[in-house]
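Side chains included, hydrogens not; waters and symmetry mates left out as well; all remaining heavy atoms used. Within every chain, numbering begins at 1; the chains are lettered A, B, ... in the order of the sequence lines, protein sequences first and strands thereafter.
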Number of protein chains: 2
Amino acid sequence: MEKSIPDIVVGRLPRYLRSLEYMLKNGIKTTSSQELGESIGISAAQIRKDLSQFGEFGKQGTGYSVRYLVDQLQSILHVNQSWDLVLVGVGDLGTALATYQGFVNRGFHIVLAFDNDPAKTGKKIGDVTILGMDQMETKIAESGAKIAMLSVPASAAQEVAEKLIKSGIRAILNYAPMQLILPGDIHVEYLDPITKLQHMTYYLG
Amino acid sequence: MEKSIPDIVVGRLPRYLRSLEYMLKNGIKTTSSQELGESIGISAAQIRKDLSQFGEFGKQGTGYSVRYLVDQLQSILHVNQSWDLVLVGVGDLGTALATYQGFVNRGFHIVLAFDNDPAKTGKKIGDVTILGMDQMETKIAESGAKIAMLSVPASAAQEVAEKLIKSGIRAILNYAPMQLILPGDIHVEYLDPITKLQHMTYYLG
DNA sequence: TAGATTGTTAATCGATTAACAATC
DNA sequence: TAGATTGTTAATCGATTAACAATC
């Protein structure tokens, strides 16, 4: 019988990690829940509570070793390894994603790219050659990739997502302005700017 | 004494609106909390509860008029008007944002773009000419724009954000991989893919 | 040692779900 | 009318905060 960690807690860990990596890069050896909290706008109590879900990483009186906590969080999040990404939809946004260095820097490598425009297939984008959608299922299955970035039009997103899952994809970073209805064991994160803008305009009167 | 609506409820309204607009486009005249909920993976009870924060929009026995509810939600979210956007940072991602038609379609218009690279200033991107950062504060203040999209490197994000606020910006769509620490009356939404990917890799073992 | 800070428990707060009278 | 579905209240569930003994 395993304890299940709330998803909302897992979602905060990457933010802790980012701030701690920043400290590490700047030579800060030790921090406290208080200091870490101030750097990202979260209460010290919440940070201690969140971390306690995974173990005991600090020392009373002195706080946390930055290096040790970075190592632990990387391990918990499984980012102490390289991950293969699949890109579907190579429009303006897809092109920007394919050439964005931030992915590689954090161990995320685009290994396949697909587009349904015949004018694009065969061309290179970043390190990979754009393939047609007809090759999607077999190529992804071959690659063993588990994560896809979806930057197709909203009208195609649901259908493409279902094909991705058949190909073995288990997590989707969805840039399409479309809510996906998928099995519960598939992880989807949404990066649609319109929804976020409309959320903010509420407050702008 | 006004009742304050929870932010988490406000955040769901754009999703309701999107699904309802889709129904409207497809000629669906009436819907129920049940049907709407199934289309976006939210319980019927929650939808009714959320909507009840803003008024009574339905009819017992028949449900909601799609057109009426769309109108109401657009009005609540203030998206029945045009909004001016400012773009700061015109790299690959910024370029993709500037040319993305999805913004214009929803009434969001980029009216100013800034970059600190002298090689870029003076060039056109989308409908606007890229200006240098030195012109940022005055031009934004002149324009009266209230929303900015931030796609600068993480190292510059906090500083640029503070300048934006001085210029009159009150909401920031942050693409930089960096948590911003800003006054409480400034609204920030985060669209950083790395944090989302690291959230998902937790579950991929 | 004295001061600082953890990990954890209990208290509080807020969000979601269930249930149902009202009524179209 | 009978069936369907709302808006709302009460019950449940989960997340955050406060407090503090333990201890470095």
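Taking atom CD on A:E56 and atom P on C:dT5, their separation rounds to 18 Å, with Å as the unit. As rounded to whole Å, 14 Å separates atom C1' of D:dA4 from atom CD of B:E35. The nearest whole Å value for the distance from the CZ atom in B:F54 to the P atom in D:dT8 is 14 Å. Separating the CG atom of B:L51 from the C1' atom of D:dT6 is a distance of 11 Å, rounded to the nearest angstrom. Going from atom CD of B:Q53 over to atom P of D:dT6 covers 17 Å, rounded to whole Å.
Within residues 20-34 of chain A, the residues having any heavy atom under 4.0 Å from DNA chain C are, by residue number, A:S32, A:S33.
Contact check, B:Y64 against D:dG7: a side-chain N or O comes under 4.0 Å of OP1 or OP2.
The two residues B:Y100 and A:P193 make their nearest non-hydrogen contact at CE2-CG, 4.4 Å. Closest approach of A:I186 to A:I169, counting heavy atoms only: CD1-O, 3.9 Å. Closest non-hydrogen pair, A:Y16 versus A:I42, comes out as CE2-CD1, 3.8 Å.
Side-chain contact between B:L17 and B:L13 is absent, with no heavy-atom pair separated by less than 4.5 Å. When side chains are defined from C-beta on, A:L51 counts as touching A:L73, because their heavy atoms get closer than 4.5 Å.
Checking each of A:V128, A:V104, A:L85 against A:H109 for a side-chain contact (heavy atoms from CB on, under 4.5 Å) leaves exactly one that passes, namely A:V104.
In the model, A:Q179 has no side-chain atom that pairs as donor or acceptor with a side-chain atom of B:R18 under 3.5 Å. In this structure, a donor-acceptor pair under 3.5 Å is present between the side chains of B:E21 and B:Q74.
Aromatic ring pairs are classed by plane angle as parallel below 30°, tilted from 30° to 60° and perpendicular above 60°; the pair B:H187 and A:Y203 is parallel.
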Nucleotide by nucleotide, nucleotides 14-24 of chain C touches protein heavy atoms under 4.0 Å in the pattern (B base, S sugar-phosphate only, - none) -SBBBB--BBB
Show me the dot-bracket string of DNA chain D, counting Watson-Crick or G-U pairs under 3.5 Å, with | for pairs to another strand and [ ] for crossing ones.
..||||||||||||||||||||||
Pair B:D7, A:H199 - check side-chain hydrogen bond (donor to acceptor under 3.5 Å, both in side chains), show working.
CA-CA 9 Å; B:D7 183 65; A:H199 184 165; 2.8 Å; yes
Carefully, step by step, assess A:D192 and A:T195 under the rule side-chain hydrogen bond (donor to acceptor under 3.5 Å, both in side chains).
CA-CA 6 Å; A:D192 164 45; A:T195 312; 2.5 Å; yes
